[in-house]
Amino acid sequence: AVKPTAAADGSATDKSLNWANWAAYIDEDDSGNYPTLQAFEEQTGIKVNYEVAVDDNNTYYGKVKDQLALGQDIGADTVCLTDWMVARWIRFGYTQELDHANIPNIANLSPALRDPDFDKGRAFSLPWQGGFAGICWNKEAFPDGLASVEDLWSSELKGRVGVLSEMRDTMGLIMLQNGVDIAGDWGDAEFDAAIDVLTEQVESGQVRNIKGNAYLEDLKSGDTLAAICWSGDITVINAEAGDKWEFAIPDAGGTLWNDNFLVPIGSTRKTNAETLMNYYYEPEVAAEVAAWVNYITPVVGAKEAAAAIDPELAENQLIFPNEETLSKAHIFRSLSGAEEQKYQAQFQSILLGA
Amino acid sequence: MAVREFAERGADLELVGIQKRFPGFTAIENLDLTIPAGSFFALLGPSGCGKTTTLRLVAGLEEPTQGRILIGGKDVTSTRSHERPVNTVFQSYALFPHMSIIENVAFGLKRRRIGDPLGKAHEALRLVELDHLAQRRPQQLSGGQQQRVALARAIVNRPALLLLDEPLGALDLKLRRQMQLELKTIQEEVGLTFLHVTHDQEEAMTMADTVAVMNKGAIEQMGAPAELYDLPKTAFVANFLGQSNLFSGEVAGSTDTAIAVDAGGARLVVPKARAHRHNGAVTVGVRPEKVSLHVEAPVPSSERNVLGPGRVLDVSFSGVSTQYLVDVPGHGTILVFAQNTGSGPSVGVGAEVWASWLVEHGFGLDDGAVEVERFAADDSTTSIAAQRRDDLVAELGEG
Amino acid sequence: MAVREFAERGADLELVGIQKRFPGFTAIENLDLTIPAGSFFALLGPSGCGKTTTLRLVAGLEEPTQGRILIGGKDVTSTRSHERPVNTVFQSYALFPHMSIIENVAFGLKRRRIGDPLGKAHEALRLVELDHLAQRRPQQLSGGQQQRVALARAIVNRPALLLLDEPLGALDLKLRRQMQLELKTIQEEVGLTFLHVTHDQEEAMTMADTVAVMNKGAIEQMGAPAELYDLPKTAFVANFLGQSNLFSGEVAGSTDTAIAVDAGGARLVVPKARAHRHNGAVTVGVRPEKVSLHVEAPVPSSERNVLGPGRVLDVSFSGVSTQYLVDVPGHGTILVFAQNTGSGPSVGVGAEVWASWLVEHGFGLDDGAVEVERFAADDSTTSIAAQRRDDLVAELGEG
Amino acid sequence: MAFAAFATAEAQPQAPRKSSRIALFLLLPGILYLVLFFLTPLVSLLLTSLQAPLEYGDIGQYQYAFNWQNYVDVMTAYWPHILRSFGYALAATVFALLFSYPLAYFIGVKARRWPLLQSLMLVLVIAPFFISFLLRTLAWKQILSDESFVITSLKALSLLGPDAHFTGTPFAVIFGLTYNFIPFMTLPLYTALERLDLRYLEAGSDLYANPFTVFRKITVPLSMPGIVAGTLLTFIPAAGDYVNASRDFLGGPDTQMMGNVIEANFLVLLNYPAAAALSIILMAAILVLVGVYVKRSGTEDLL
Amino acid sequence: MSGEVQAAAVLGGLAESEQSELSARGRRSNGPTRQGRIGLGSWLLPTYTILAFVFLLIPIVYTFVFSFNDSVKSNIAWRGFTFDKWLNVCNVEGGAVCEAFANSVIIGVVATIIATTLGTMIAIALVRYRFRARSVISLLLFLPMATPEVVLGAGLAAQFLAVGVPKDMTTIILAHTMFCISFVVVTVKARVASLDPALEEAGRDLYGSPAQVFWRVTFPLLTPGIVAAALLSFALSFDDFIITNFNSGSVSTFPKYVYISASRGIPAEANVIASAVFLFALVLVIGAQVSRAARAKRLAKLG
Ligand SMILES: Nc1ncnc2c1ncn2[C@@H]1O[C@H](COP(=O)(O)OP(=O)(O)OP(=O)(O)O)[C@@H](O)[C@H]1O
Ligand SMILES: Nc1ncnc2c1ncn2[C@@H]1O[C@H](COP(=O)(O)OP(=O)(O)OP(=O)(O)O)[C@@H](O)[C@H]1O
Ligand SMILES: NCCCCNCCCN
Ligand SMILES: [Mg+2]
Ligand SMILES: [Mg+2]
């Protein structure tokens with residue numbers, strides 16, 4: 001297929017920026033303002049329209065893919081998407097090449113994240129936050145807590161369990177529980193075995209909710225008492241709705257991922273987007289965001305900045321995981337197009353309850 | 001429901017002290033009525049006088065506020081509509097549009113679980129000569145045919161009493177006359193009791209054995225049609241049942257057999273036997289077809305009342321007869337009908353004429369002096385217009 | 001549109017060789033008609049005979065397949081409706097519901113840019129005595145009032161020709177009679193040419209100067225009402241305009257002034273002047289009101305035709321008159337009307353009677369021997385039913 | 001044609017007119033519009049449904065082919081959803097009918113005497129329209145969530161089992177569909193019942209039918225056009241709905257309907273041929289069902 | 001959503017003129033209002049009706065009540081009463097709610113204007129002219145109503161993609177217009193059919209040229225039907241989510257906003273907007289009814 005061409009940049013005159021992101025993914029004060037963003041606006045004069053528009057990588061892609069294919073504006077000048085989805089965008093030519101000269105702070109990018117195989121040298125993307133997928137539960141209902149994915153299948157939780165619609169997290173956790181090294185060289189057999197587990201739990205009604213970031217609403221309403229979750233989210237809803245939930249990486253391990261900034265092909269405000277990225281790569285800013293969202297920051301120096309705010313923060317394993325924590329987290333290996341199609345279809349058919 | 005065969009012949013109907021109040025309106029004040037079995041009874045009256053309400057009470061579609069209803073001697077006042085041995089031919093026919101003709105006719109029989117409903121229904125259709133259309137839907141029939149189906153649908157049940165609510169109201173004149181004949185024939189054939197409601201006086205007179213004239217919820221006069229026509233008791237009846245020339249005055253003298261009334265200077269003699277009142281202020285009258293016109297002053301005679309001279313105001317030819325409007329000073333306008341037999345004088349507008357009639361053709365009303373109106377007030381149209389406005393108001397209110 | 005003042009008086013209307021075909025149906029075969037200016041002309045005929053079609057052709061709402069239309073001598077055949085000096089009072093009145101009465105009446109004037117449309121409209125409303133309701137909407141008026149507004153709306157334009165399509169059809173009898181009078185009065189006042197369509201023979205006869213009886217798209221007879229009634233030319237006219245007793249037979253002899261017809265054994269004499277045919281198979285007739293009944297055989301006389309003896313089949317009293325049906329062997333059923341003047345014999349069912357009428361009252365039709373039908377075929381309902389069915393079929397086919 | 005029966009006014013006999021040039025002028029823009037934006041997409045949908053994956057292509061890349069197999073594949077993969085869709089839609093239709101008939105009867109027949117009340121009730125029936133149907137559905141989701149007052153009370157009263165729940169169950173989806181389409185059912189029923197000539201009911205009772213028989217033999221058949229219209233207006237959109245059954249609203253993994261499958265294939269799996277084939281199947285099935293239904297209920301003239 | 005034709009009838013109450021009263025009168029007059037003894041128990045049906053309305057209004061009341069919730073982000077638990085959300089509707093998320101709402105209104109208005117124009121033209125042609133393609137055209141108009149929205153939405157989306165049309169406000173409007181046309185045709189057709197052709201003939205007879213007759217007679221008489229159709233069409237467009245979702249690209253509409261925020265908690269501001277629309281519509285409809293009633297009373301006095 002012909003790749004679309006990038007739109008011309010109008011940032012010089014157009015001081016605005018649309019940023020699409022996931023829920024509970026930026027610092028937010030009680031009145032619903034985003035302090036770091038406000039500071040950015042004051043500092044640069046760029047008016048940012050921050051939209052919580054991503055619930056799930058696939059559904060977001062589904063919504064914008066047609067415009068992307070035509071090289072049109074998708075209503076966002078930068079979006080934060082997960083590695084594997086970013087890989088697809090880059091492959092299809094749906095992203096604009098970043099001008100590193102506009103992002104001097106890229107120097108603060110954690111060395112481990114500089115050369116992912118889907119974007120050598122970070123020509124097209126830049127990490128926003130990373131995190132774990134693990135398990136979480138309602139502390140009021142389960143003071144004793146859960147330790148493994150297996151615990152989600154307990155009869156006490158029947159109908160009150162949620163899993164993520166993000167295949168790599170949900171399947172990753174189950175495969176880990178099955179003893180599979182998800183980063184390693186697994187194949188259909190391993191995947192099928194995990195699918196069987198999930199199918200059984202869904203069909204039996206053990207798992208009722210399969211959602212994207214919307215799983216937070218189910219936790220809040222009480223429809224879900226325990227779930228496969230993303231690490232930082234729990235801190236955020238605890239802050240919002242009372243300290244009711246807890247997160248843990250299961251015994252058998254959790255997944256580790258990164259969400260990355262990218263500039264969609266039809267955006268006319270690439271420079272503004274780069275200015276924003278540069279801003280969030282200030283260690284102090286990164287620390288402030290991290291303090292709120294509790295996700296792993298890719299910014300070197302943020303730890304020190306965080307320690308300055310609150311020493312305890314620097315020890316938070318969700319933000320600054322140590323080796324031991326990291327050893328429990330695994331990266332889901334990348335999939336070929338055919339694998340993607342096949343595994344996604346299998347997974348989706350569970351979501352559809354076939 | 002229990003299988004009940006209804007009377008093969010009609011039954012008496014008795015209404016005793018019936019009153020019917022609607023919220024804010026008393027439709028029937030105090031009604032007593034007896035209709036003998038097997039008769040063809042017509043209830044005649046202007047629009048809104050309570051005819052339909054009476055029928056609905058008998059059918060059980062409405063409950064009386066007071067009074068009792070007896071059919072064949074049995075009190076049915078609290079019996080529900082579907083349990084009364086009564087059937088109605090509705091003004092609009094009310095044929096079920098979703099059923100074929102034969103299904104319509106068989107409906108009542110099936111509800112009562114009468115054996116061979118279709119056979120009986122076909123028989124009833126044969127009676128009204130529509131058996132060949134048994135499979136059609138009502139919408140596919142002409143108005144007259146629908147009317148006959150409605151009749152068949154009622155008759156097939158052999159009800160003790162058949163109610164007909166202006167069943168001919170929707171038909172045009174020609175068809176109406178034709179249906180009147182058929183209805184009468186069928187009644188004679190099946191011998192049921194017919195209670196026929198109409199506001200067409202000619203219809204009531206040509207069809208019924210007995211006519212009751214109803215006005216404002218009460219019965220004004222009742223009797224055989226010719227009797228009522230010949231000797232109306234009230235001005236209302238005199239003008240509702242055909243037209244009349246009425247004259248009010250004081251009784252100025254009387255003999256054994258007659259009274260003489262001084263009306264606007266003329267002396268009008270009426271036989272005592274034909275006058276409801278014999279003294280004081282009275283109203284006497286004569287039918288227009290009984291009046292003769294004379295181009296010369298007639299010789300005074302004790303056998304005739306004479307008025308005149310007057311002047312012909314209008315002559316209108318209507319085929320069979322010619323109508324003359326004669327203005328007689330002191331007596332207002334007199335209406336005279338002359339059949340176009342080809343004999344008799346034929347006068348033009350403006351001619352000077354005298355009007356006379358035989359004493360034995362006059363009648364005296366039971367009313368006192370009445371505000372003599374030549375034509376009955378145009379009740380029907382006024383009420384139609386009012387009705388329209390009401391509909392409109394309801395509509396507007398409803399949105 | 002150009003400002004054009006129409007004639008203050010009516011204009012002649014001429015239809016020449018008009019034919020109108022609808023897809024699959026010829027409504028008018030060959031119609032010639034001349035209506036003199038200022039006359040009140042009535043077009044009378046059964047339902048479906050083409051009356052409305054004729055009016056619509058004149059109004060320009062329909063184009064003739066063949067033939068010419070002249071108004072005041074000017075050929076308007078290809079002139080469009082809104083350019084013809086013609087106005088119509090529609091059966092349904094067709095008052096614009098979204099305009100007030102005065103706006104309705106002024107509509108035509110405004111379209112023609114006539115000066116002071118409102119003043120003229122008020123004047124027209126005064127003529128029909130409705131000026132006080134000028135600001136109302138049509139729905140707020142009674143049927144009779146609406147009819148008068150429709151009339152005012154047409155008259156205000158002073159059209160050369162006013163077309164009235166059964167404007168009284170929707171009214172009840174009483175109101176109808178009242179409106180007939182008013183219409184006639186207004187026509188006399190404004191002096192326009194009125195072309196009035198109706199299927200009510202009484203209406204046509206009482207209102208019009210000239211009546212044309214139409215049947216199956218052609219005019220059967222035309223003339224003054226009394227003339228037509230007195231001397232019908234065809235069996236259709238004889239029975240559509242009132243009722244007739246008709247007898248077919250061969251002319252058996254003739255004198256200078258009269259022919260004698262041998263009908264079923266009886267010899268019926270008809271004046272030559274009153275017979276359209278003088279030899280061969282003919283049909284002669286007499287109106288029922290001209291026939292007298294005798295309880296004894298009348299003395300033969302050259303002045304009277306006598307039939308009998310026969311037997312009275314039915315007597316029906318209708319107030320003003322009594323109708324007798326007499327079966328005379330060989331002649332079928334004879335209808336006799338006797339006004340209830342109180343004189344004359346009154347006979348009962350089954351009595352033996354003779355019927356007679358003055359020779360001068362008989363008439364001879366232009367038709368040959370006809371299948372004598374006592375009552376005209378029930379055209380109207382048959383065609384209504386057919387029409388309904390057609391509608392239905394069209395509907396089904398289209399859905 | 002279809003649904004004309006909902007018209008509130010009686011038809012007048014129309015003088016058929018000739019001038020087809022005017023007709024053409026009147027029809028052309030609208031018809032062209034429909035051809036362009038309804039018919040053409042439908043045809044390309046048909047073509048898409050026959051596409052095959054692009055050889056060596058990436059995810060979501062297809063080429064024109066004549067791949068009937070797509071239909072077989074989606075039928076095999078999704079037959080439960082097809083059945084479920086029609087099952088839920090049918091159930092919702094039946095419930096909506098049962099719910100609406102008495103309501104419409106009251107408004108259309110009993111309330112005739114109070115026109116103002118009648119129109120007020122009609123307004124209330126369509127009131128839900130004024131609030132976005134997504135919000136209505138979410139409101140139910142929250143009102144009936146596991147920890148909600150309603151559900152906890154029912155559990156406390158032991159009317160519900162301890163691990164019973166509402167959201168995510170077939171019951172919830174059918175409930176949502178029913179609720180959302182009640183106005184679509186009530187209004188046509190109302191229209192039919194409002195026109196119901198009560199004299200037919202009186203004639204029935206006059207002909208010895210008891211109230212129940214009158215209802216069964218006269219009221220119901222006479223309101224048939226309303227019933228047919230209402231059921232169609234409920235069934236068609238309900239069968240194609242995907243909001244109620246969506247996992248974000250009232251549904252769960254085992255309640256997904258055709259709409260959800262089509263959406264997932266279009267937007268998540270990027271399997272356009274499958275989505276298109278499913279769309280065509282859904283539409284064809286609905287047309288067939290509607291045709292049969294309308295024929296059997298004897299209301300063809302609705303169409 | 002299909003079939004809010006009856007809703008149109010009710011909404012049309014806003015626009016009813018005397019003409020419809022005329023035609024409606026005929027219909028009414030065949031139903032006497034007296035009801036004798038026919039029907040269900042005298043208290044059963046009213047009770048049911050009240051309960052049914054309570055049920056219908058639950059989510060609406062819920063939505064309304066929660067528009068006053070002093071919530072921070074998601075609006076699930078009751079956290080106290082506040083007017084803030086009403087006073088600051090447009091201040092959250094950079095006014096996203098209001099922007100979506102404004103988009104919905106614009107789209108609704110434009111789609112309504114186009115659909116009403118095209119649909120009215122078709123309706124007039126269908127009733128007033130005979131032509132051969134009639135049944136084909138009728139079918140073409142019926143199909144969009146019988147097609148599930150997913151199919152409509154997905155088909156059109158695929159078509160726009162294939163042709164390379166960018167998805168924005170225009171595509172939403174095009175899509176909405178498409179599904180509104182059929183409903184407009186049905187609604188207006190009923191009106192045209194009930195319009196007595198004699199009225200137009202009277203116009204011609206009274207010297208009105210064809211254009212004058214159309215604008216002075218035909219059009220004013222069709223107005224109530226056209227307005228009803230327009231209101232219906234606006235309601236359909238305003239509440240549409242499924243078709244919009246497929247064809248909106250990055251443009252937000254109110255339902256789309258609700259759908260998207262459903263996954264992250266709907267802010268109380270959405271409830272405010274929905275409640276406001278609801279109240280506005282309710283006041284409008286009830287106001288119209290009451291003024292009609294008042295007019296009727298005046299009229300009665302006049303008589
Ligand atoms: N349900 C009702 N509520 C109030 N008034 C009523 C009701 N039914 C009838 N009436 C009134 O009772 C009176 C008698 O009505 P009814 O229908 O019996 O008249 P009618 O003699 O049959 O007249 P018509 O010849 O017009 O049919 C009328 O004034 C009518 O308005
Ligand atoms: N547009 C048409 N297409 C086909 N046939 C028509 C059309 N208009 C009228 N006709 C037929 O032409 C005949 C004459 O119709 P017309 O309306 O002139 O009758 P009419 O004399 O006015 O009858 P009525 O007294 O019922 O009004 C009827 O048979 C009618 O069915
Ligand atoms: N609340 C923010 C959650 C971000 C989750 N990102 C998706 C990770 C997929 N593995
Ligand atoms: Mg009555
Ligand atoms: Mg006619």
Side-chain angles (χ1 to χ4, degrees), chain B residues 1-4 6 22-23 52 55-56 58-62 80-99 103-114 117 137-138 150 153-154 156-157 159 161-163 165 390-399, chain D residues 5 8-11 107-126 187 190-228 297-301:
Chain B
M1 165 180 302
V3 178
R4 284 177 297 122
F6 294 135
F22 291 112
T52 297
L55 271 204
R56 292 172 58 85
V58 174
L61 298 170
E62 210 87 68
R80 307 226 286 162
S81 172
H82 63 276
E83 288 157 348
R84 294 195 191 183
V86 167
N87 283 103
T88 308
V89 178
F90 294 86
Q91 170 159 16
S92 56
Y93 316 144
L95 297 181
F96 303 129
H98 58 296
M99 299 181 192
E103 285 168 342
N104 261 283
V105 178
F107 187 91
L109 297 173
K110 285 190 186 155
R111 297 289 84 68
R112 282 165 54 227
R113 305 197 196 294
I114 302 280
R137 291 281 167 118
R153 187 176 71 169
V156 75
N157 299 296
L161 187 60
L162 187 69
L163 309 176
D165 192 358
D390 289 352
D391 286 356
L392 190 68
V393 168
E395 199 89 19
L396 287 171
E398 153 213 335
Chain D
T8 39
E10 227 95 292
I107 305 175
V109 176
K110 292 288 170 183
R112 279 182 200 180
R113 273 172 288 182
W114 309 286
L116 207 61
L117 175 72
Q118 200 178 27
S119 45
L120 220 65
M121 289 192 293
L122 275 180
V123 171
L124 288 182
V125 168
I126 58 163
L187 289 168
Y190 161 78
T191 315
L193 287 169
E194 194 263 347
R195 286 188 203 172
L196 177 69
D197 191 334
L198 299 185
R199 286 175 297 191
Y200 292 130
L201 312 194
E202 292 184 347
S205 129
D206 182 63
L207 291 166
Y208 319 108
N210 59 37
F212 178 68
T213 314
V214 169
F215 179 75
R216 204 166 43 91
K217 293 268 176 192
I218 299 169
T219 312
V220 169
L222 286 181
S223 53
M224 211 41 162
I227 296 176
V228 172
S297 64
T299 44
E300 286 109 313
D301 34 339

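Throughout, protein chains are lettered first and strands after them, A, B, ... in sequence-line order, and every chain is numbered starting at 1.
- In terms of heavy-atom proximity, D:Ala209 sits nearest to B:Phe107 at CB-CE2, 3.8 Å.
- Going from atom OG1 of B:Thr88 over to atom CZ of D:Arg199 covers 13.0 Å, rounded to the nearest 0.5 Å.
- Annotation: side chain of D:Pro211 is in contact with side chain of B:Arg80 (closest heavy-atom distance under 4.5 Å).
- Of the inter-residue distances, the one linking B:His82 atom NE2 with D:Thr213 atom OG1 reads 7.5 Å to the nearest 0.5 angstrom.
- Between B:Asn157 and D:Leu207 the shortest heavy-atom distance is ND2-CD2, 3.3 Å.
- Within the 4.5 angstrom heavy-atom criterion, only backbone atoms of B:Leu95 (N, CA, C, O) approach chain D.
- The CG atom of B:Leu61 sits 11.0 Å away from atom CG of D:Leu198, with the distance rounded to the nearest 0.5 Å.
- Side-chain contact between B:Pro97 and D:Tyr200 is present, with at least one heavy-atom pair separated by less than 4.5 Å.
- Within the 3.5 Å criterion, the main-chain N or O of B:Ala59 finds no donor-acceptor partner in the side chain of D:Asp206.
- A heavy-atom distance below 4.5 Å is not found between the side chains of D:Glu202 and B:Ser81.
- Put simply, the side chain of B:His98 gets close to the backbone of D:Lys217: a donor and an acceptor are under 3.5 Å apart.
- For the pair B:Leu109/D:Tyr208, no side-chain contact is recorded, criterion being any heavy-atom separation below 4.5 Å from C-beta on.
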